[in-house]
Amino acid sequence: MSDASFDFDVIVIGAGYGGFDAAKHAAEHGLKTAIIESRDMGGTCVNRGCVPSKALLAASGKVRELADDQHLASFGIHAAPVRFERQKIADHANQLVQTIRTNLTKTLERAGVTILRGHGRLEGSQRVGLREPSGVDRVLSARDVIVATGSDPFVPPGIETDGRTVFTSDEAINLEWLPRWIAIVGSGYIGLEFADVYTALGCEVTMIEALDRVMPTFDPDIAKIAGRHLIDGRDIDARSGVLASKVTPGCPVRIDLADFNSRELVETLEVDAVLVATGRVPSSKGLNLESLNIETNRGFVPIDDSMRVLVNGQPVPHLWAVGDVTGKLMLAHTAAAQGTVAVDNILGQNRTIDYRSIPAATFTHPEISSVGLTEAEAKQLAETDGFQLGSVRSYFKANSKALAELESDGLMKLLFNKSSGEVLGAHIYGLHAADLIQEVANAVARRQSVRQLSTEVHTHPTLSEVVEVAYKQAASQLTA
Ligand SMILES: Cc1cc2nc3c(=O)[nH]c(=O)nc-3n(C[C@H](O)[C@H](O)[C@H](O)COP(=O)(O)OP(=O)(O)OC[C@H]3O[C@@H](n4cnc5c(N)ncnc54)[C@H](O)[C@@H]3O)c2cc1C
Ligand SMILES: NC(=O)c1ccc[n+]([C@@H]2O[C@H](COP(=O)([O-])OP(=O)(O)OC[C@H]3O[C@@H](n4cnc5c(N)ncnc54)[C@H](O)[C@@H]3O)[C@@H](O)[C@H]2O)c1
């Protein structure tokens, strides 16, 4: 399989989740593979993203539960006042990062992947430049090259970070201190998850959202019910329609809030700290994309559904890109799936990716999840394809398991084609929503109909019956 005229069959630039899955898959299929990493093995997810943030959410979630006197009293439980050690919570996250980073590195080594440390760049077709930490610069050849360089936090103009009083998720995951009052700019995934952590640990939060409602990227009905619990029900003052136009680090931190539409100054806040959670930008600068005439879309590398890099709409031979740098559903499991698809195509298969069936979850307490089309997208599809859109709601308050847990605040919205029964999308807020969505994601992947799904038996009493109820309601509304 290996071609001796090249140094490697495959060189992957970037060892995040996308690069990791691609390199492992390639080596396991007999390809002579190298991976180049300039910073930490495991990339954002392992070092500064999913892993440490979920460790902080796990620990702070337990604090929230034990500190909720009223909830515990409803079970007849009276716990002593809860105490926690911030440093030990931070240590838990840090240790988990180290364990997973070590395991991931060993997995690559065991698979036979050559790990190269340094900064990688393209040097024209089938050639990769490597600047090692020592300063040595060399050029390697590869039959196929996969760009998997990921993303970095986006800091809007006017916001100055110092990493201590004004910071992004890169620093927040270290939980170095607990500000009495923290402003979180952005009410997306990162803003919501960190608001969950900070409020559980006793901080007061002001949430600043530029668009006209908080949680603007979530289904409006789900955002309404989730927002009531996750924002209004907590020590959070949420402001929407205002832009953090200027943030100056210090003690206190000053934030100028401007009206999103007029850009006129509305108010100046003085807080102890600011977390900037305003999205992410692709890490594509310094990749020397010009050597192959690749034009990016605001830094995102254009690809087709086979992961081939495109120039003027045409694939560049032997060049692939996966993960956040491509800007498609910037999630760890998307990056990993794209990595595998790219390698399967290198191996001569003809694979594409089905973005519609990729689920997403926000790990707040309770969680929010979704898969498939938004309601607006589904309406648009119904109009163009000429079918009637069905939408049903299934409530956690009608679920025995949720009631037993005294956690019945939750809603699932299911979108489907009323004539074929095909499941088009689902949006869930409620206990274990991140796990519940997987069943629907599988149905979307198989383009299954609620006609069949509604006959499948679910264990009683489990939260999965929330999904079963939605399928049954949908089946009863089919027109054909
Ligand atoms: C706080 C936070 C929480 C998150 N939580 C979740 C979650 O719960 N679930 C989920 O699915 N996703 C989550 N994400 C998103 C997830 O982390 C990303 O989607 C995922 O890491 C993308 O993987 P990637 O391989 O594309 O890029 P990355 O993980 O960013 O890895 C890219 C790697 O390439 C390296 N690199 C860049 N340029 C070069 C170069 N020129 N040469 C050599 N190396 C280079 C970088 O150092 C980096 O290690 C979270 C993100 C954040 C910030
Ligand atoms: N659980 C998960 O899967 C998970 C968790 C965290 C992050 N992520 C990934 O990381 C990405 C980035 O997350 P994020 O929360 O930073 O981005 P996001 O795009 O989800 O949300 C950013 C929010 O900030 C707002 N905003 C932007 N500039 C602003 C300003 N100047 N003032 C006020 N509001 C402003 C936007 O309107 C938006 O609502 C996500 O898209 C996701 O791909 C995933």
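Note that the coordinates shown come from a computational prediction; the quantities given were computed from them, not determined experimentally. Counting convention: from 1, in listed order, for ligands and their atoms alike.
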### Query
Can you tell which of Asp324, Ile190, Val242 gets a heavy atom nearest to atom 13 (O) of ligand 2?
Ile190
### Message
Quick check with a 6.0 Å cut-off and a 45 degree axis cone: is Arg263 positioned over the face of Phe260's six-membered ring?
### Response
yes
### Query
With atoms numbered from 1 as shown, which atoms in ligand 2 lie under 4.0 angstrom from a non-hydrogen atom of Phe363?
1 (N)
### Query
Taking both backbone and side-chain atoms of Glu193, is any N or O found less than 3.5 Å from an N or O belonging to ligand 1?
no
### Message
Among all protein heavy atoms in this structure, tell me which lies nearest to atom 41 (O) of ligand 2, with the distance rounded to 0.1 Å.
### Response
Tyr189 CD1, 4.2 Å
### Message
Quick test of your reading of the structure: of Cys50, Gly49, Ala22, whose heavy atom lies closest to atom 14 (N) of ligand 1?
### Response
Cys50
### Query
What about Phe363: any of its N or O atoms under 3.5 Å from an N or O on ligand 1?
no
### Summary
Near Lys54 (heavy-atom distance under 4.0 Å), the atoms of ligand 1 are 5 (N), 6 (C), 7 (C), 8 (O)
### Query
Any idea which atoms of ligand 2 are less than 4.0 Å away from a heavy-atom of Glu193?
1 (N), 5 (C)
### Summary
A student checking ligand 2 against Pro216 at a 4.0 Å heavy-atom cut-off should list atoms 39 (O)
### Message
Regarding ligand 1, does Glu37 bring an N or O atom to under 3.5 Å of one of the ligand's N or O atoms?
### Response
yes
### Task
Check each heavy atom of Ala332 against ligand 1 and say whether those closer than 4.0 Å belong to the side chain, the backbone, both or neither.
both
### Query
Side chains of Asp344 and His25: do they bring a donor and an acceptor to under 3.5 Å?
yes
### Task
Classify the contact between Arg121 and ligand 1 as side chain, backbone, both or neither, using a heavy-atom distance cut-off of under 4.0 Å.
neither
## Note on the structure
atom 10 (O) of ligand 2 sits nearest the protein heavy atom Arg280 CD, 3.7 Å
### Task
Answer with yes or no whether Thr217 contacts ligand 2, where contact means a heavy atom under 4.0 Å from a ligand atom.
no
#### Entry: Contact check: Cys45 vs ligand 1, nitrogen or oxygen atoms, below 3.5 angstrom
yes
### Query
So between Pro156, Ala361, Gly279, whose heavy atom ends up nearest atom 14 (P) of ligand 2?
Gly279
### Query
Are Ser187 and Arg213 close enough, and set up right, to give a side chain to side chain donor-acceptor pair (under 3.5 Å), and what steps lead you there?
CA-CA 9 Å; Ser187 62; Arg213 66 172 173 95; over 6 Å; no
### Query
For ligand 2, is Ala360 a contact, meaning one of its heavy atoms is under 4.0 Å away?
no
### Task
Identify the protein heavy atom lying closest to atom 29 (O) of ligand 1, giving its residue, its atom name and the separation to 0.1 Å.
Thr44 N, 2.8 Å
### For Ile208, atoms of ligand 2 separated by under 4.0 Å from a heavy atom
33 (C), 34 (N)
### Query
For ligand 1, which atoms have a heavy atom of Ile190 less than 4.0 angstrom away?
53 (C)
### Task
Please confirm whether Ala335 comes within less than 3.5 Å of ligand 1 when only nitrogen or oxygen atoms on both sides are compared.
no
### Message
If I apply the N/O under 3.5 Å rule, does Gly120 come out as touching ligand 1?
### Response
yes
#### Entry: For atom 31 (O) of ligand 1, closest protein heavy-atom neighbour
Gly16 CA, 3.3 Å
### Task
Provide the number and element of each atom of ligand 1 under 4.0 Å from a heavy atom of Ile13.
40 (C), 42 (N), 43 (C)
### Numbering as shown, the atoms of ligand 1 that approach Asp40 to under 4.0 Å (heavy-atom distance)
49 (O)
### Summary
Any heavy atom of Pro153 under 4.0 Å from ligand 1? The part involved is neither
